[in-house]
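One structure is given here, and the rest of the page talks about it.
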Amino acid sequence: MGQSGSKAEDLIRQGSTSYGGRFKFKSKSKSSVLISPMLVDAGRSFGAEYAPGCVDYVSNLPDECLAYIFQFLGSRDRKMCSLVCRRWLRIEGQSRQRLSLYAKSDLIAAVPSLFLRFDAVTKLALKCDRKCVSIGDDALILISLRCQNLTRLKLRSCRELTDAGMTAFAKTCKSLKKLSCGSCAFGSVGMNAILDNCASLEELSVKRLRGLFDGAAAQPIGPGAAAGSLKMICLKELYNGQCFGPLIASSKNLRTLRLFKCYGDWDKLFQVISSGVTGIVEIHLERINVTDAGLSALSTCSNIEILHLVRTVECTNFGLISIAERCKLLRKLHIDGGRETRIGDGGLIAVSKHCPNMQELVLIGVDLTKQSLDMLASNCQNLERLALCGSDTVGDEEISCIAAKCIALKKLCIKNCPISDQSMEALASGCPNLVKVKVKKCRSVTPDGVKLLRTSRGSLAVNLDTDEMEMVHANASDGVHEIAVEFPPIVAASAADIATAGGGIARRSPSLKMRLWIPSGRGLIACNFRWWSNGNGGHSPTMSS
């Protein structure tokens with residue numbers, strides 16, 4: 001024992017050397033030393049006893065305090081903390097609520113040990129890739145038995161999961177509130193099992209559900225017990241997305257509906273849901289078959305505040321006028337017509353007349369004129385964010401109108417429009433609340449014009465890009481787009497490294513930025529470019545505060 005105690009004391013004295021300087025000691029006096037939790041744990045393993053002057057403040061903290069501190073750390077920092085000592089390893093595991101696993105088929109062997117350590121997980125992500133065989137029904141059932149308190153589940157590329165596995169999971173994890181699945185192989189039976197057993201389900205996101213390609217696609221999905229609690233439904237790239245019609249039509253508390261690239265005729269479904277689902281606040285329609293008849297049906301939902309119309313080529317001014325006349329609470333409107341837009345001055349004039357609460361307006365490929373801009377500026381006094389992209393009719397005169405009348409405007413984005421330095425001069429003396437201007441692919445705007453704007457408005461952030469190279473490919477529109485990766489790649493395979501997501505408060509990934517240098521006079525001007533994100537998985541630009 002004497003030799004063991006000597007080893008431990010040597011560890012304490014050589015702390016900064018033995019552990020690479022990560023844990024240092026401060027001598028408060030000749031008989032008082034501050035030691036680290038790692039050395040305390042190491043000392044106990046050797047059976048050492050410390051002198052009365054040795055103080056370990058961290059180890060005196062209750063487990064609950066340490067767990068609360070860990071909630072404010074990101075995934076990487078939490079993993080580092082778990083390596084400090086056995087106590088921190090135990091507390092970090094027991095306090096972790098979010099877990100992201102690389103869902104290869106061999107994960108099933110690690111499930112018992114993983115969830116023995118992480119026994120408080122309520123939010124779980126299972127992601128595989130195309131080159132690997134994913135987990136199957138047996139692994140999902142085993143996970144459900146050990147995580148019966150799950151409230152959130154994300155499945156990505158789990159192609160070995162079937163309806164049987166999802167049914168067994170649904171019967172065990174009945175507290176599920178959020179489900180997101182993409183590129184999975186189960187179909188209508190598994191989805192209906194979730195809806196029937198998870199009565200507290202609030203958010204449902206489905207993308208490329210491969211099981212809907214077979215004969216089961218004709219089987220309707222929903223409504224189930226979850227219809228009474230659902231608040232958000234998002235459907236993406238579904239071959240037969242209309243089989244979710246019974247679920248959508250029966251979700252009386254639905255507030256957000258997002259449809260992306262889902263085949264079928266949606267006009268008839270909108271006519272059905274408009275009579276029963278009247279509380280919808282946000283609607284996002286992208287590349288789906290909807291006409292003015294569908295917009296007219298949706299206009300009966302008078303509580304709509306946010307509307308995105310992206311590449312809905314059959315929608316015209318008539319449909320937008322119906323929305324504007326009935327949905328007077330509209331405050332965010334995004335229209336991306338591409339090259340085939342059929343919305344112009346007529347629809348925007350109706351919006352300016354009937355929607356005085358408009359705060360954010362994004363127009364891509366919309367050929368508006370000074371007439372509609374003048375009415376928007378005059379009637380929508382709360383307009384704070386405006387984006388004009390790919391419009392051949394927006395020139396210096398239109399920007400001068402905005403500068404003179406949009407008093408509340410804070411953020412302005414202009415892309416691929418025939419404006420010049422004259423517009424920069426107009427902005428220099430207008431829009432008193434303007435804080436950010438982004439100019440992209442406007443060839444007649446020179447660095448000198450931007451320099452004039454910066455000089456006149458010292459606190460104004462001005463971003464200029466005249467490069468002809470497309471920085472973003474394969475996007476849904478020609479505007480400023482969001483680049484988002486929902487699940488970062490996971491390369492580790494060990495039980496300690498396979499958990500990648502933090503618990504408690506999540507740390508958001510930084511926005512994508514590109515730093516460009518633009519010559520101006522004698523020096524260089526540094527410009528930061530950042531994609532404005534709307535956070536809803538869509539492709540349209542958003543200028544968020």
Side-chain angles (χ1 to χ4, degrees), residues 331-334 336 358-364 373 376-377 380-391 394 396 398-417 419-442 444-467 471-472 477-484 508-518 520 524-536 538-545:
R331 58 184 178 85
K332 291 185 179 181
L333 176 62
H334 290 211
D336 180 357
M358 188 63 61
Q359 296 177 353
E360 179 173 307
L361 182 62
V362 176
L363 303 174
I364 302 174
L373 275 176
L376 283 167
C380 301
Q381 295 292 324
N382 297 322
L383 187 64
E384 296 181 351
R385 297 175 290 276
L386 176 63
L388 304 172
C389 307
S391 177
V394 175
D396 292 331
E398 285 70 27
I399 300 301
S400 298
C401 176
I402 293 172
K405 296 190 176 183
C406 292
I407 300 176
L409 195 65
K410 293 182 178 180
K411 295 185 179 181
L412 175 64
C413 174
I414 309 171
K415 177 182 177 182
N416 199 16
C417 294
I419 64 172
S420 66
D421 289 344
Q422 183 179 342
S423 297
M424 301 297 100
E425 295 177 6
L427 292 173
S429 58
C431 299
N433 293 307
L434 200 61
V435 296
K436 184 172 184 179
V437 175
K438 176 178 286 189
V439 180
K440 186 176 180 181
K441 292 192 175 182
C442 298
S444 298
V445 177
T446 67
D448 292 334
V450 174
K451 182 178 180 180
L452 173 63
L453 181 56
R454 283 200 182 99
T455 303
S456 303
R457 308 282 289 273
S459 60
L460 183 63
V462 184
N463 291 341
L464 172 65
D465 175 23
T466 57
D467 194 349
M471 290 188 295
V472 182
S477 59
D478 195 30
V480 184
H481 302 280
E482 176 191 4
I483 296 179
R508 298 183 179 180
S509 59
S511 302
L512 176 64
K513 294 185 178 180
M514 179 174 292
R515 193 160 185 84
L516 300 180
W517 295 94
I518 302 174
S520 176
L524 295 174
I525 301 175
C527 297
N528 285 320
F529 288 84
R530 178 172 63 88
W531 279 266
W532 295 329
S533 171
N534 58 6
N536 61 10
H539 298 285
S540 299
T542 297
M543 296 172 286
S544 56
S545 300

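Hydrogens, waters and symmetry mates are skipped; everything else that's a heavy atom, side chains included, is used. Being a predicted model, the structure only gives us computed values, none of them experimental.
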request  = Please name the pair of heavy atoms, one in C406 and one in L383, separated by the smallest distance, quoted to 0.1 Å.
outcome  = SG-CD2, 4.5 Å
key: By salt bridge (Lys or Arg N to Asp or Glu O under 4.0 Å) - contacts of R331 (at least two apart)   = E305
remark   = Scanning both residues in full, the closest heavy-atom pair of K411 with V435 reads CG-CG2, 4.3 Å
key: OG1 on T446 to CG on L464, rounded to 0.5 Å   = 8.0 Å
task = Could you tell me whether the side chain of C442 reaches within less than 4.5 Å of the side chain of I414, counting heavy atoms only?
result = yes
request  = Quick one: pull up CG in D465 and NZ in K441 and give me the separation to the nearest 0.5 Å.
outcome  = 7.5 Å
inquiry  = Quick one, L376 and L361 - any side-chain contact, counting heavy atoms below 4.5 Å?
reply    = yes
ask   = Roughly how far, to the nearest 0.5 Å, is the CD atom of E360 from the CG atom of L386?
value = 9.5 Å
task = Indicate the atoms forming the closest heavy-atom contact of K332 with M358, along with that distance.
result = N-SD, 4.0 Å
inquiry  = What's the separation between atom CD1 in I402 and atom CD in E398, rounded to the nearest 0.5 Å?
reply    = 8.0 Å
request  = Give a yes or no on whether the backbone of V462 and the side-chain of R454 come within a donor-acceptor separation of less than 3.5 Å.
outcome  = yes
Distance (rounded to the nearest 0.5 Å) between L373 CG and C380 SG = 11.0 Å
Under 3.5 Å donor-acceptor pairs involving side-chain atoms of residues 423-434, not counting sequence neighbours:
unit_1: S423; atom_1: OG; unit_2: D396; atom_2: OD1; d: 2.5
unit_1: S429; atom_1: OG; unit_2: A426; atom_2: O; d: 3.4
unit_1: N433; atom_1: ND2; unit_2: I407; atom_2: O; d: 2.9

ask   = Would a 4.5 Å heavy-atom cut-off, applied to side chains only, mark L460 and V437 as touching?
value = yes
ask   = Distance from I419 atom CD1 to S400 atom OG, nearest 0.5 Å?
value = 10.0 Å
query = Less than 4.5 Å apart, any side-chain heavy atom of L452 and any of D421?
reply = no
